[in-house]
Amino acid sequence: MKILVTGPQGSGKTTQAELAAKKLGLPVIDIGRILREFAKDTSDDAKAVRETMNKGVLAPDQIVADLMKEKINESGGGFVADGYPRSLSQLELFDPEYNLVFYLQIADEVVRQRLLRRGRADDNPEIIDERLKNYHLLTEPLLEKFKEKGILTVLDGNQPIEQIHEKIWLKLKTNIS
């Protein structure tokens, strides 16, 4: 099974991806974590990723698609992805052909509050606002594609972790059996 958990930064997608993956016995492919790790390297590509992350914009599409492809190949087939693709152009470069997509819908103000509490280096008000702007502009159009394919489930990301997980698990169970 190939599953995507998506939503704006701070929506809880990483937590939900990890919970689903654990229950299914699948690896999690967290593109944000992969990019943060990749950005520590000294290569020109790593430098480009670092620069984009510091501005709150998306990393170069080809780099992201290549990293995702590599991780999927390492996974051996089934996986739960967190945050890929983040644009239609990334999807055009590499489509993992997901079986199910879970979208955690959450208000921008809640995202801001959560990210500021989280306190990562790239979580300051200006970068958060830039990331949200890019999310609405570049990532949300993907939802229509997933809806057209009949694989999209929209969930209220404001609910407690356990309630969201329960809804994801119910949907997964009906698609596994």
Side-chain angles (χ1 to χ4, degrees), residues 1-39 45 49 52-53 57-106 111 131-132 134-177:
M1 226 167 168
K2 296 186 255 180
I3 301 156
L4 170 63
V5 181
T6 192
Q9 305 81 357
S11 63
K13 63 186 177 297
T14 301
T15 299
Q16 294 302 329
E18 289 171 351
L19 289 169
K22 184 176 182 181
K23 227 169 196 169
L24 294 167
L26 295 173
V28 174
I29 301 176
D30 177 348
I31 198 65
R33 187 175 293 150
I34 292 164
L35 286 167
R36 285 189 296 279
E37 195 58 38
F38 180 78
D45 282 351
V49 169
T52 59
M53 289 171 76
V57 296
L58 295 180
D61 288 345
Q62 191 64 58
I63 294 171
V64 177
D66 290 346
L67 286 168
M68 190 66 183
K69 227 182 283 189
E70 181 183 317
K71 291 299 177 184
I72 287 174
N73 287 338
E74 291 171 8
S75 77
F79 58 88
V80 179
D82 169 359
Y84 178 89
R86 291 194 175 157
S87 68
L88 288 169
S89 54
Q90 285 179 1
L91 186 64
E92 288 167 8
L93 285 171
F94 176 62
D95 183 351
E97 299 177 9
Y98 293 112
N99 303 103
L100 291 172
V101 175
F102 295 97
Y103 170 60
L104 304 179
Q105 194 169 38
I106 188 167
V111 167
R131 286 164 56 197
L132 280 167
N134 285 317
Y135 180 81
H136 294 305
L137 181 70
L138 300 171
T139 308
E140 283 183 347
L142 287 165
L143 300 176
E144 195 56 41
K145 284 268 187 219
F146 297 136
K147 185 178 177 184
E148 287 168 12
K149 289 183 175 185
I151 59 173
L152 179 67
T153 299
V154 178
L155 299 166
D156 179 358
N158 296 301
Q159 295 179 323
I161 292 168
E162 300 78 21
Q163 285 182 17
I164 297 169
H165 176 62
E166 191 176 305
K167 289 177 180 166
I168 289 174
W169 184 240
L170 284 172
K171 181 78 174 177
L172 287 171
K173 282 196 316 192
T174 60
N175 280 273
I176 293 170
S177 44

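Listed here is the closest heavy atom pair of Leu35 and Val49: O-CG1, 3.9 Å. A pairwise comparison of heavy atoms in Ile168 and Ala20 identifies CG2-CB, 4.4 Å as the closest pair. Taking each heavy atom of Val64 and Ala59 in turn, the nearest pair found is CG2-CB, 3.6 Å. Taking each heavy atom of Leu152 and Leu143 in turn, the nearest pair found is CD2-O, 3.5 Å. Ile72 and Ser75 make their closest contact through O-OG, 2.6 Å (heavy atoms, listed as atom of the first residue, atom of the second, distance). Contact record, Pro85 with Leu142: O-CD1, 3.2 Å, taken as the closest heavy-atom pair.
By the 4.0 Å N-to-carboxylate-O rule, Arg33 lies close enough to Glu18 to be salt-bridged with it.
Contact annotation: the side chain of Lys23 approaches that of His165 to within less than 4.5 Å [non-hydrogen atoms, C-beta and beyond]. Put simply, the side chain of Leu170 reaches to within 4.5 Å of the side chain of Lys173, judged on heavy atoms. Proximity of Phe146 to Phe102: side-chain heavy atoms (C-beta onward) are nowhere separated by under 4.5 Å. In this structure the side chain of Asn99 never reaches within 4.5 angstrom of the side chain of Asn175, judged on heavy atoms.
Within 6.0 Å of NZ in Lys22 there are 12 or fewer heavy atoms belonging to other residues, nucleotides or ligands. Under a cut-off of 6.0 angstrom, the local environment of CD in Glu70 is crowded, with over 12 non-hydrogen atoms contributed by other residues, nucleotides or ligands. The number of heavy-atom neighbours closer than 6.0 Å to NZ of Lys69, taken from other residues, nucleotides and ligands shown, is above 12. Residue Ile161 qualifies as open at atom CD1: its count of foreign heavy atoms under 6.0 Å is 12 or below.
Taking Lys149 as the reference, Asp95 meet the side-chain hydrogen bond (donor to acceptor under 3.5 Å, both in side chains) condition, with sequence neighbours excluded.
The CG atom of Leu155 sits 9.5 Å away from atom CD of Gln105, with the distance rounded to the nearest 0.5 Å. Separating the CD atom in Gln16 from the NZ atom in Lys167 is a distance of 11.0 Å, to the nearest 0.5 Å. Interatomic distance, Leu88 CG to Lys145 NZ, rounded to the nearest 0.5 Å: 6.5 Å. To the nearest 0.5 Å, atoms CD (Glu166) and CG (Leu19) are separated by 12.5 Å. Atom CD of Glu37 and atom CG of Asp30 lie 11.5 Å apart (nearest 0.5 Å). Here CD of Glu74 is found 12.5 Å from CZ of Phe79. Values are rounded to the nearest 0.5 Å.
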Would you please test Ile63 and Phe38 for side-chain contact (heavy atoms from CB on, under 4.5 Å) and show each step?
CA-CA 10 Å; Ile63 294 171; Phe38 180 78; 3.9 Å; yes
Can you check side-chain contact (heavy atoms from CB on, under 4.5 Å) on Trp169 and Leu24, steps first, answer last?
CA-CA 9 Å; Trp169 184 240; Leu24 294 167; 3.6 Å; yes
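Pairs passing the salt bridge (charged side-chain N to carboxylate O under 4.0 Å, His left out) check and including a residue from residues 76-86, sequence neighbours excluded, do not occur.
Ring pair Tyr135/Tyr103 is parallel by interplanar angle, where below 30° counts as parallel and above 60° as perpendicular.
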Exercise answer: donor-acceptor pairs, residues 1-12 side-chain atoms, under 3.5 Å, sequence neighbours excluded:
residue : atom : partner : partner atom : Å
Lys2    : NZ   : Pro96   : O            : 3.1
Ser11   : OG   : Pro8    : O            : 2.8

